[in-house]
Amino acid sequence: MNTFVRSSLLICLLGLTAVPSVAQITITQADVSRILAPPNQVFTRTDSTTTSLNIGTAGLTSNRWNFSGIRTSYFQVLRSVAASGTPHIGNFSGATNAFRLDTTLQGISGSIYQYLQASPTELRNMGGMARATPFPGVTVELRISVTPNEVVYKLPATLGTVWTTGFTNRTLITLNGSVLSDVSNTHNASYRIDAAGTMLLPGNAQAAYALRIRKVNFYNNNPVGGYIFLSKGGALVQVETNDTTRTSGTIAITRNKTTWNYAIVSDSTTDVRVGASTPSQFALRQNYPNPFNPSTRIEYSVAKEEFVSLKVYNLIGQEVASLVNENKPAGTYIADWNAEGLPSGMYFYKMQTRPTDGGQGGSFSATRRMMLVK
């Protein structure tokens, strides 16, 4: 649960925009509101293999942060929804925006809602909530309170902007009103936008101007350093480090964890293209969530235009779903699969490509497995 809370604080992150004409940028409430508007989606990705990062130097310099080598070890999808229409809005008075995360935890499927408040001067994290009824008469509730609300970004944000935020993050889980878990953590964080430059994300041929935000967070009184690289269009890379004093050069990344985000701007189709960038290779990634019930998402990349087939099979090799069966231009895509009506168990999904003219010798073939748990 806490993983969701921390990663979803990076909400202001939807896609690269064109490089502006000057190296200085200012992020305003209008930018934030456009980024958070429904039905946008945020893909929060984690790279667990990268161990160090060159953070450049402070100031308005010629920094060029190259993140093109970042890999996706894990991802989750946050969907922007109208806050007024969410089931828990009564507990988060004043929320201007909300995100929904559909997930499965210990075989229980549900949706976690996170609430935000955007004003001309700040973007605040208000917390989140989820409620599920896995069996008749059994209700599990998760409540994440942030007291007082966390200041995620000071607005307008530009080179030289500083802010602090202190709050207690409490995660309360109850079963039919009885407490199963009650965990609180304190945070006292300071932020300074201390550098500007350009950053290049995986698959993007064009760099975007970005601000570097230096963060020092006293987590339960233990200092944790970090850097956030944020573009005006919302594309973001965040890392943690034990070195809270380093402002230039190469730093070691805590827990080998790098988080990065970009956006897809439609929520209405089964197969959604993620941005307009061209991936360097074909790929089929692990579905999320996994295990799942009954819906899951599959991400795949097409390095050049080819005919793409993406099918799902049961354990005895019978085809149970055809998700993609058409020509696809180069790009990265998301396919949704709903296994309603199918029994629990192991399933396999297979991606194959072939030339668009129907010839032989396709560029790619891969198979992965996933688990349906009801």
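Keep in mind it's a predicted model, so treat the numbers as computed, not measured.
- Here the side chains of Thr250 and Leu53 are not in contact, with every heavy-atom distance at 4.5 Å or above.
- Side-chain atoms of Met370 and Phe292, non-hydrogen and from C-beta on, do get closer than 4.5 Å to each other.
- Ion pairing between Lys350 and Glu319 fails under the 4.0 Å rule for side-chain N and carboxylate O.
- Ile298 has its side chain within reach of Leu310: a pair of non-hydrogen atoms, C-beta onward, lies under 4.5 Å apart.
- In this structure, Val32 and Tyr153 have side chains that are not in contact, with every pair of non-hydrogen atoms separated by 4.5 Å or more.
- By the salt bridge (Lys or Arg N to Asp or Glu O under 4.0 Å) test, Arg214 is found to be paired with no residue, residues two or more places apart in sequence or in another chain being considered.
- Between Arg45 and Asp47 there is no salt bridge, since no side-chain N of the basic residue sits under 4.0 Å from a carboxylate O of the acidic one.
- Inter-residue side-chain proximity for Lys154 and Glu122 is flagged as met; some heavy-atom pair is nearer than 4.5 Å.
- Contact of the Glu305 side chain with the Lys328 side chain is not registered, since no non-hydrogen atoms from C-beta on lie closer than 4.5 Å.
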**Report entry** From CA spacing to verdict: side chain to side chain donor-acceptor pair (under 3.5 Å), Ser33, Asp31
**Finding:** CA-CA 6 Å; Ser33 297; Asp31 297 318; over 6 Å; no
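- Applying the side-chain contact (heavy atoms from CB on, under 4.5 Å) test between Pro156 and each of Thr28, Thr121, Thr161 identifies Thr28 as the sole match.
- For Glu240 and Thr254, the side-chain atoms include no donor-acceptor pair closer than 3.5 Å.
- Taking the side chain as every heavy atom from C-beta outward, Leu211 and Phe229 never approach each other to under 4.5 Å.
- The number of heavy atoms from other shown groups lying within 6.0 Å of CZ (Arg368) is above 12.
- Residues meeting the side-chain hydrogen bond (donor to acceptor under 3.5 Å, both in side chains) test with Asn327, sequence neighbours left out: none.
- Here Ser301 pairs with Arg285, Thr332 under the side-chain hydrogen bond (donor to acceptor under 3.5 Å, both in side chains) rule; sequence neighbours left out.
- For CG of Asn325, the number of neighbouring non-hydrogen atoms (other residues, nucleotides, ligands) closer than 6.0 Å is greater than 12.
- Salt bridge status for Arg143 with Glu141: present, with a side-chain N to carboxylate O gap under 4.0 Å.
- Annotation: side chain of Ile112 is not in contact with side chain of Met129 (no heavy-atom distance under 4.5 Å).
- Cation-pi geometry between Arg354 and Phe307 is met: under 6.0 angstrom from the ring centre, within 45 degrees of the axis.
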